Novice: 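The structure under discussion is supplied below as structure tokens; questions concerning it will follow.
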Amino acid sequence: MQVDAVVLDIDGVLVDVADSYRRAILESVDRVCGKPIERDAVQTFKDAGGFNNDWELTDAAALFVIARREGLRMDVDEFTDRVRELGGGLDAAKEVVGDLPRVAQARVRDQWDRDALRETFQALYLGAELYRELEGGEPPVEAAGYVHDEPTLVDPETLDDLTARFDVGVLTGRPAAEADIALEHVGLDVPDDRRFTMDDWDEGKPHPRALVELAERFDAERVAFAGDTLDDVRTARNADEADETRVYYGIGVLTGGLTGESGQEKFAESGADAVVEDVNELVDLLE
């Protein structure tokens with residue numbers, strides 16, 4: 001695959017977030033709503049699309065739990081299938097809950113505390129010390145911080161090779177401060193003008209704007225974007241459609257929630273140009 005520039009997602013590509021972000025989603029819903037969701041449900045929401053922002057995924061999972069308590073007769077697969085049919089994301093989740101009777105909808109709204117969910121998520125993920133530094137104020141939960149439980153998925157030799165041969169950028173749903181933590185952890189120095197974080201745009205993946213703008217900044221003709229979710233591949237597909245002057249490749253990486261043969265099939269169905277076992281395979285794939 002011939003390219004001029006490589007854009008990397010962070011979560012599930014450069015660092016493993018199974019015991020950090022995904023754990024924070026599960027425990028935030030349990031602590032605030034009084035009932036957990038299954039671990040596999042996180043990937044089911046991701047596959048529905050529009051949940052690049054883990055705070056919004058947490059909100060949607062909490063909405064599902066509360067709505068079930070108030071009479072919604074759907075399991076998580078039926079709920080996320082409906083969310084996908086309605087376009088994905090939190091707005092679609094709210095639309096699904098809108099099928100409940102009005103009295104039940106009102107009870108759901110009364111119990112759905114998005115501020116408490118976000119504060120709990122951040123306290124669990126960052127830990128008390130970083131929470132006070134980055135969020136300000138006292139955390140609602142005293143925790144050491146799951147941010148310290150993010151094993152590296154990329155070899156230093158891979159980063160040396162990619163940065164020597166290509167322009168390298170980052171496109172992530174993380175806030176900028178948390179992107180800095182992960183990039184420092186793996187040893188990848190990316191200037192501000194070569195990355196997009198949650199703080200840099202409102203649309204989020206799979207909207208193509210961030211990837212197209214990075215390609216323009218690189219003055220690249222052929223760009224590869226490697227990510228661990230279907231929305232990452234859809235971002236490349238959407239960029240290819242929006243920008244006729246360049247070629248965009250979407251590469252699925254099987255170190256996030258999608259793994260094995262089923263992960264390969266889902267990436268292929270979403271239009272992936274290639275699927276790799278881990279990010280280190282980019283060294284041989286890209287020319």
Side-chain angles (χ1 to χ4, degrees), residues 1-17 52 150 152-174 176 179-198 200-201 204-256 258 264 267-268 270-287:
M1 186 180 292
Q2 294 184 330
V3 300
D4 309 307
V6 183
V7 178
L8 302 170
D9 187 16
I10 292 179
D11 299 335
V13 175
L14 299 180
V15 295
D16 185 347
V17 296
N52 183 56
E150 295 185 331
T152 299
L153 296 170
V154 63
D155 296 334
E157 295 80 7
T158 297
L159 296 179
D160 289 343
D161 178 272
L162 295 179
T163 54
R165 291 193 291 147
F166 309 108
D167 288 317
V168 173
V170 163
L171 175 52
T172 177
R174 284 182 175 231
D180 287 341
I181 293 171
L183 293 175
E184 183 177 357
H185 183 46
V186 302
L188 178 59
D189 183 17
V190 179
D192 289 347
D193 65 347
R194 295 193 167 205
R195 67 182 188 178
F196 267 80
T197 69
M198 177 197 293
D200 298 319
W201 61 325
K205 295 178 280 189
H207 196 284
R209 182 171 74 85
L211 188 57
V212 171
E213 284 197 23
L214 285 173
E216 290 172 351
R217 292 174 190 178
F218 292 139
D219 195 22
E221 294 181 356
R222 307 171 78 88
V223 180
F225 178 39
D228 72 318
T229 69
L230 302 181
D231 270 351
D232 292 321
V233 170
R234 292 169 184 145
T235 300
R237 293 279 65 78
N238 291 340
D240 209 42
E241 188 173 323
D243 180 7
E244 296 180 350
T245 65
R246 298 181 176 84
V247 176
Y248 296 84
Y249 297 108
I251 301 173
V253 183
L254 294 170
T255 44
L258 296 174
Q264 291 203 17
F267 275 130
S270 294
D273 296 288
V275 181
V276 294
E277 290 294 329
D278 62 47
V279 67
N280 300 300
E281 291 189 5
L282 294 182
V283 171
D284 292 330
L285 177 68
L286 302 180
E287 299 176 357

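Keep in mind that what you see is a predicted model, and the values were worked out from it rather than measured.
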Novice: Rounded to the nearest 0.5 Å, what separation is found between the CZ atom of F225 and the CG atom of D9?
Specialist: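 The distance works out to 5.0 Å.
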Novice: Of the non-hydrogen atoms in D200 and R195, which two are nearest, and what is the gap between them?
Specialist: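 What the structure gives for the nearest pair is OD2-O, 3.8 Å.
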Novice: Within this structure, what is the CG-CG distance for the pair D228 and L14, rounded to the nearest 0.5 Å?
Specialist: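 The CG atom of L14 is 10.0 Å from CG of D228, to the nearest 0.5 Å.
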Novice: For a 4.5 angstrom cut-off between non-hydrogen side-chain atoms, does V223 reach L214?
Specialist: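 V223 does not reach L214 side chain to side chain.
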Novice: Around atom CD of E244, are there more than 12 heavy atoms of other residues, nucleotides or ligands at under 6.0 Å?
Specialist: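 Not more than 12 within 6.0 Å, no.
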Novice: Can you tell if the side chain of Q264 reaches within under 4.5 Å of the side chain of L254, non-hydrogen atoms only?
Specialist: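 The answer is yes, as the side chains (C-beta and beyond) meet within the 4.5 Å cut-off.
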Novice: Quick check: does any side chain N or O of D155 sit under 3.5 Å from a backbone N or O of V279, one acting as donor and the other as acceptor?
Specialist: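 No: the side chain of D155 does not pair with the backbone of V279.
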Novice: Just how far is it from atom NE2 of H185 to atom CD1 of I10, taken to the nearest 0.5 Å?
Specialist: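 Taking NE2 in H185 and CD1 in I10, the distance rounds to 11.5 Å.
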Novice: Using 0.5 Å steps for rounding, measure from the OH atom of Y248 to the OG1 atom of T235.
Specialist: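 Separation between the atoms: 12.0 Å.
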Novice: Between the side chains of R237 and E241, is the shortest nitrogen-to-carboxylate-oxygen separation below 4.0 Å, so that they form an ion pair?
Specialist: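 Salt bridge between E241 and R237, a charged N being under 4.0 Å from a carboxylate O: no.
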Novice: Can D4 and R246 be counted as an ion pair, charged N to O under 4.0 angstrom?
Specialist: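 Result for this pair is no, no salt bridge flagged.
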Novice: Is there a side-chain contact between L8 and V154 (heavy atoms, below 4.5 Å)?
Specialist: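 The answer is no; the side chains never approach within 4.5 Å.
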Novice: Nearest 0.5 Å, please: how far is CG in D273 from CD1 in I251?
Specialist: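 So the CD1 of I251 and the CG of D273 are separated by 7.5 Å.
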Novice: For the pair N238 (side chain) and P206 (backbone), establish whether a donor and an acceptor sit closer than 3.5 Å, ignoring hydrogens and angles.
Specialist: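 Yes; judged by distance alone, with no hydrogens or angles, the pair exists.
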Novice: Which heavy atom of V7 sits nearest a heavy atom of V170, and at what distance?
Specialist: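 For V7 versus V170, the nearest heavy atoms are CG1-C, 4.1 Å.
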Novice: Decide if atom CD of E216 counts as having more than 12 heavy atoms of other residues, nucleotides or ligands within a radius under 6.0 Å.
Specialist: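 Result for CD/E216: enclosed.
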Novice: Taking C-beta and beyond as the side chain, do R174 and T197 meet within less than 4.5 Å on heavy atoms?
Specialist: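 A side-chain contact under 4.5 Å is absent here.
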Novice: I need the E213 CD to W201 CH2 distance, nearest 0.5 Å.
Specialist: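 Nearest 0.5 Å value for the CD-CH2 distance: 9.0 Å.
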Novice: Please name the pair of heavy atoms, one in V186 and one in L159, separated by the smallest distance, quoted to 0.1 Å.
Specialist: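 Shortest heavy-atom contact: O-CD1, 3.5 Å.
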Novice: Check side-chain hydrogen bond (donor to acceptor under 3.5 Å, both in side chains) between D232 and all other residues, then give those that pass, not counting sequence neighbours.
Specialist: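 Scan of D232 (side-chain hydrogen bond (donor to acceptor under 3.5 Å, both in side chains), adjacent residues dropped) gives K205, T229.
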Novice: So which atom in L230 and which in S270 form the shortest heavy-atom distance, rounded to 0.1 Å?
Specialist: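 Smallest heavy-atom distance, with atoms named: CD2-OG, 3.6 Å.
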Novice: Is it the case that T158 and N280 place a side-chain donor and acceptor less than 3.5 Å from each other?
Specialist: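 Judged by distance alone, the side chains do pair up.
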Novice: Search all heavy atoms of V3 against all heavy atoms of F166 and return the closest pair with its distance.
Specialist: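 Looking at all heavy atoms of both residues, the closest pair is O-CE2, 3.5 Å.
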Novice: Can you name the nearest heavy-atom pair linking A236 to L211, along with the distance?
Specialist: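 Looking at all heavy atoms of both residues, the shortest contact is CA-CD2, 3.8 Å.
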Novice: Do V17 and E150 pass the side-chain contact (heavy atoms from CB on, under 4.5 Å) test, and can you show the C-alpha distance, the side-chain angles, and the key distance before you say yes or no?
Specialist: CA-CA 6 Å; V17 296; E150 295 185 331; 3.8 Å; yes
